[in-house]
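Here's the structure we're looking at; comments come further down.
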Amino acid sequence: MASYAPAEIEARWQKAWDEAGLFRASRDESRPKYYVLEMFPYPSGRIHIGHVRNYTMGDVIARYKRSQGFNVLHPMGFDAFGMPAENAAMKSGGHPKTWTYQNIDDMVAQMKPMGFSLDWERMFATCDPEYYGQQQALFLDFLEAGLVYRKNAVVNWDPVDQTVLANEQVIDGRGWRSDAEVERRELTQWFFKISEYSGDLLDALQGLEEWPAKVRLMQENWIGRSRGLEFSFEQVDGGDSIPVYTTRPDTLMGASFVGISPDHPIVKGMESTNPKLAAAVAEMRKGGTTAEALEKAEKLGFDTGLRVKHPLDPNWELPVWVANFILMDYGTGAIFGCPAHDQRDLDFCRKYNLPVIDTFFALGDETPVAHEAFVPPKTEKVAWVNHFAGITEATGQEAIDATIDFAEQNGWGSGKTQYRLRDWGLSRQRYWGCPIPVVHCDTCGVVPEKKENLPIQLPDDVSFDIPGNPLDRHPSWRDCSCPKCGKPAKRETDTMDTFVDSSWYFARFTAPRASTPTDLADAGYWMNVDQYIGGVEHAILHLLYSRFFARGMIKTGHLPEKCAEPFNALFTQGMVTHAIYKNAERSDENGQAIYHFPEEVETREGGTFVKDTGEAIKVIPSAKMSKSKNNVVDPMDIIARFGADTARWFVLSDSPPERDVEWTASGAEAAHKHLTRVWNLCDRIAAMDEGTGDDGALRKDLHKTIHDVTMGIESFGFNAAIAKLYAFTNTLSKAKASKAMMREAIMTLAQLMAPMTPHLAEDIWNHQGGEGLCAAAPWPKADEALLVDDMVTLPIQINGKRRAEIEVPKDMPKPEIEALVLKQEAVVKALDGGEPKKLIVVPGRIVNVVL
RNA sequence: GCGGGCGUGAUGGAAUGGUAGACAUAUCGGACUUAAAAUCCGAAGGCCUUAGUGCCGUGUGGGUUCGAGUCCCACCGCCCGCACCA
């Protein structure tokens with residue numbers, strides 16, 4: 001046998017798997033199914049080492065489950081709509097479609113050599129009309145079911161590019177591309193009614209036991225349930241009353257103003273007649289809607305001149321202020337301000353000279369609030385000095401409950417559960433997305449497209465040389481006839497948020513060519529996803545939207561009831577990082593730091609230096625890979641140098657999968673060396689003559705390894721499983737045993753390695769005369785009887801410190817062990833003729849002598 | 001500010017409340033070689049006028065326990081998520 005040549009081996013076995021159709025999934029009710037899915041990639045054109053880690057983890061699970069007898073579905077596709085394609089078109093004049101499909105081809109060509117056990121026949125891209133047409137059908141069904149609606153919403157508007165910007169595209173209040181100051185503009189937009197499921201989406205998190213607690217918590221906070229009081233302030237001069245919502249109704253007696261959002265209907269009504277107010281409000285509306293922009297913004301207020309009556313005292317008048325920190329889309333868009341017990345309100349009141357009224361004090365400390373608001377703790381008793389219900393001492397929660405009861409009994413307010421979660425705006429003023437299948441007719445209004453007209457395809461003849469959405473200026477596409485009355489009408493030119501595309505692709509994979517969005521029989525068999533794997537950056541939006549979509553699809557009959565939670569288990573993997581080599585001695589002519597490629601530097605005594613110039617390098621370890629920092633490693637380079645198995649082995653080694661792993665050249669080389677060692681070992685065993693030795697000892701080690709590796713894979717402890725495989729390889733290479741036993745050991749080792757290094761495993765299997773393909777062989781089973789040693793080493797502790805050890809048969813009765821322990825020299829010495837206070841024997845584990 | 005997580009050798013990291021440091025990297029030593037690389041073998045937490053079945057040791061301080069890296073409390077440090085949410 002020649003030396004380890006991954007390039008040749010890997011191509012050969014990929015072809016063999018392909019020809020055997022091993023990874024093609026088909027419905028088979030007689031076998032248990034297993035659906036493993038990695039979050040599908042955006043087709044940037046290059047696979048990233050992070051993709052390799054993600055898909056390798058999924059592949060380990062897929063291959064492992066397959067060898068356990070499961071009917072495995074492991075598909076791959078592309079999340080192919082989105083802005084980068086349009087940006088590329090604007091920059092270099094191509095078409096988003098050609099750019100995207102070219103990238104997909106390139107990425108498939110890069111993924112295939114990795115040897116992932118994917119069912120490529122199910123592949124699709126979300127920009128395929130066959131996919132987005134079905135998405136349009138879903139949209140229409142959601143519309144009919146009341147899960148989609150239109151309303152006015154405030155958006156970030158880029159006046160130069162003539163487009164809506166996502167929050168991430170607003171940088172320091174300016175458009176990321178145009179650098180123009182972003183305006184807040186109100187547009188009519190489509191929304192998914194995700195808020196209909198707020199409570200359910202929150203409560204159901206409880207049942208997702210195989211999700212990381214962190215992700216569940218993030219979703220919980222995102223949905224944000226709170227319980228409070230809703231009531232209205234009557235205007236003194238009889239105008240519209242102002243409803244408010246508060247989670248701290250107990251502070252009502254400390255109210256000193258009513259605040260309303262700049263987008264509140266009352267403000268809108270006053271703007272035309274009150275130029276000063278209009279100017280103030282215009283100032284408040286400037287800047288983006290991002291959290292960041294809001295945080296930096298100074299608190300601004302303007303007295304509307306309106307006055308309202310305090311609900312508990314009709315003679316107590318409160319001023320109504322417009323305040324920029326009040327959000328129209330949370331609660332009612334109006335609050336009452338209680339400066340003494342809310343820091344934000346206090347800041348506002350100090351700025352505009354509004355009164356501060358103390359309502360609560362910490363017990364025994366009646367210092368009036370000055371610069372720091374006193375928030376009454378919910379679980380500790382506080383003094384209620386300014387009350388209405390005769391209670392003078394209560395916890396915050398008791399005070400809240402008492403106030404809600406009081407309001408409900410007196411009929412001026414009611415308790416209300418409020419969610420932070422807002423409806424999901426899906427309209428995007430972009431070309432490269434799924435067209436929203438509705439038509440605007442002067443006679444009939446908004447009319448849904450007829451299903452038989454789907455897909456509403458994107459036109460190909462568009463240009464990106466002028467800003468704005470090309471669909472808006474494409475008359476032959478835009479102009480159409482009304483599906484209802486037949487008169488001339490205009491197509492909706494907005495397209496859908498790309499999050500829509502990724503909110504149901506997992507369901508489509510179960511029947512990717514079906515003529516309806518899903519096939520209920522296929523979905524019923526394959527769903528739910530048993531194991532979903534991806535980056536934690538999708539912990540909130542993508543996963544929440546998918547959970548909503550699953551519910552919507554059940555409601556519209558596209559998924560069976562059991563699919564409300566489409567992902568049984570979720571795993572969020574860490575990044576692959578790489579050190580950054582920053583020149584410590586100089587910057588470039590523009591004063592920018594100089595970053596060196598790894599191959600330009602060397603580490604020697606005293607530090608790291610540039611090879612050519614000897615300049616000192618500052619090494620920043622474990623940084624996110626970034627082109628501008630010259631620390632990106634390309635998976636294709638690694639495959640060319642070491643092969644796919646090495647890349648797969650390395651990304652799983654050393655670090656637990658949920659944590660970041662640092663790519664190091666030495667680590668990758670070590671992985672490759674190890675695989676070579678295993679290969680050579682296989683060669684040596686094949687060349688052995690009969691040989692003799694302790695077969696029993698080797699078999700024991702082997703079965704312990706089977707057990708440990710199996711447990712490791714089951715629990716996502718890939719790094720630990722790999723460590724066991726290293727250890728067993730060391731054992732095997734030193735073992736003295738019969739050829740038959742050695743052969744059994746190397747073949748089992750190959751099987752255990754197969755999920756991680758499938759090509760090498762296949763080759764060893766074949767080389768040792770294994771039957772069929774290793775990838776199709778059943779997973780080895782550890783013999784329980786071999787997992788326990790006949791003789792065990794018992795450490796002996798004296799007062800919890802290890803002082804001696806004894807070698808005893810594993811089933812030696814306690815009294816005998818005790819007798820043996822007491823005879824130990826160290827124990828005799830420690831006892832010094834006395835009796836131990838206590839003698840603890842944990843069979844097979846440890847002995848502790850307490851003096 | 002709110003919520004969560006993590007602190008173990010030079011480094012990445014192991015360790016169902018039971019022998020801390022598995023496995024790997026880097027380092028050092030040896031074999032092979034004219035030499036180097038590759039390969040193989042080996043050493044390695046710290047401390048020491050006592051080199052020992054010695055003492056100390058998992059961020060710091062306390063607690064529970066026969067026994068704590070692991071559980072509880074407080075503190076320090078780092079990381080992540082959310083945040084003008086009424």
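In what follows, every chain begins at residue 1, and chains take the letters A, B, ... in the order their sequences are listed.
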When rounded to whole Å, the OH to P distance for the pair Tyr245(A) and A86(B) reads 7 Å
- Message: Would the base of C84(B) count as contacting Lys299(A) through its side chain, where contact means a donor and an acceptor less than 3.5 Å apart?
- Response: yes
Look at Arg677(A) and C40(B) and indicate whether a side-chain polar atom (N or O) is within less than 4.0 Å of OP1 or OP2.
yes
What residues 338-345 of chain A contributes to the RNA chain B interface at heavy-atom separation below 4.0 Å is Arg344(A)
* Any side-chain heavy-atom pair of Val828(A) and Lys823(A) under 4.5 Å -> no
With a 4.0 Å cutoff (strictly under), does any side-chain N or O of Tyr330(A) reach OP1 or OP2 of A86(B)?
yes
Per the O4'-C1'-N9-C4 / O4'-C1'-N1-C2 angle with a 90° window around 0, G4(B) comes out anti
Checklist entry - Using a distance-only test with no angle check, is there a side-chain donor-acceptor pair under 3.5 angstrom linking Gln824(A) and Arg803(A)? => result no
Separation of G67(B) atom P from Gln797(A) atom CD, nearest Å, is 10 Å
Report which part of the nucleic acid Leu794(A) touches: base, sugar-phosphate, or nothing (heavy-atom distance under 4.0 Å, all strands).
nothing
task: For G45(B) and U19(B), measure between their C1' atoms and round to the nearest Å.
output: 16 Å
### Query
Okay, side chain of Asn631(A), backbone of Ser626(A): is any donor-acceptor separation there less than 3.5 Å?
yes
message: On the nucleotide C66(B), are OP1 or OP2 found under 4.0 Å from the side-chain N or O atoms that Lys838(A) carries?
response: yes
Practice problem: With heavy atoms under 4.0 Å as the rule, sort Asp347(A) into base, sugar-phosphate or nothing. | Solution: nothing
Mate of G7(B) across any strand shown (Watson-Crick or G-U wobble, both atom pairs under 3.5 Å) is C76(B)
>> With no hydrogens and no angle check, just 3.5 Å: does a side-chain donor-acceptor pair link Ser261(A) and Tyr330(A)?
In response: no
Scoring nucleotides 5-16 of chain B by protein non-hydrogen atoms under 4.0 Å (B base, S sugar-phosphate only, - none) yields -------BSS-B
Atom CD1 of Ile722(A) and atom P of A24(B) are separated, to the nearest Å, by 12 Å
Using the C1' atom on both, measure A26(B) against C32(B) and round to a whole Å. 23 Å
Original post:
Within 45 degrees of the axis of the six-membered ring of Phe348(A) and under 6.0 Å from its centre: does Lys299(A) put its NZ or CZ there?
Top reply: no
Separation of G3(B) atom P from Arg420(A) atom CZ, nearest Å, is 15 Å
Check the side chains of Thr403(A) and Asp250(A) for a donor-acceptor pair under 3.5 angstrom, ignoring hydrogens and angles.
no
Are Tyr726(A) and Phe728(A) an aromatic pair, judged by ring center distance below 6.0 Å?
no
(request) Return yes if some donor-acceptor pair links the side-chain N/O of His542(A) with the main-chain N/O of Glu537(A) below 3.5 Å, else return no. (result) no
Is the count of non-hydrogen atoms from other residues, nucleotides or ligands lying under 6.0 Å from Lys700(A) atom NZ greater than 12? yes
Assign each of Ile326(A) and Lys673(A) the nucleotide of RNA chain B bearing its closest heavy atom; nearer the 5' end lies the nucleotide of Lys673(A)
Between CZ of Phe233(A) and P of A86(B) the distance, given in whole Å, is 16 Å
Under 4.0 Å between any heavy atoms, over every strand shown, what does Ile840(A) touch: base, sugar-phosphate, or nothing? Just pick one. base
Separation of U39(B) atom P from Tyr4(A) atom OH, nearest Å, is 15 Å
Looking only at side-chain N and O atoms, does Asn221(A) come under 4.0 Å of OP1 or OP2 in C85(B)?
no
Rounded to the nearest 0.5 angstrom, the OG1-NE2 distance for Thr359(A) and His341(A) is 4.0 Å
Quiz item: Taking 4.0 angstrom as the limit, do Arg641(A) and Glu669(A) come out as a salt bridge?
Solution: yes
**Whole-Å P distance, U49(B) and C56(B)** = 16 Å
Phosphate contact (C55(B) OP1 or OP2) by Arg802(A) side-chain N/O below 4.0 Å: no
Discussion item. In whole Å, measure the gap between the P atoms of U70(B) and G61(B) for me.
Written reply: 13 Å
When rounded to whole Å, the CH2 to C1' distance for the pair Trp211(A) and G4(B) reads 17 Å
Using a heavy-atom cut-off of 4.0 Å across all strands, would you classify Lys734(A) as base, sugar-phosphate, or nothing?
sugar-phosphate
Sugar-phosphate only, base, or nothing, as touched by Arg216(A) at under 4.0 Å among non-hydrogen atoms: nothing
Quick note, Leu327(A) side chain, CB onward, closest among C85(B), C82(B), U19(B) is C85(B)
Between CG of Leu252(A) and P of A86(B) the distance, given in whole Å, is 16 Å
Assign each of Leu217(A) and Gly667(A) the nucleotide of RNA chain B bearing its closest heavy atom; nearer the 5' end lies the nucleotide of Leu217(A)
request  = Report which part of the nucleic acid Thr246(A) touches: base, sugar-phosphate, or nothing (heavy-atom distance under 4.0 Å, all strands).
outcome  = sugar-phosphate
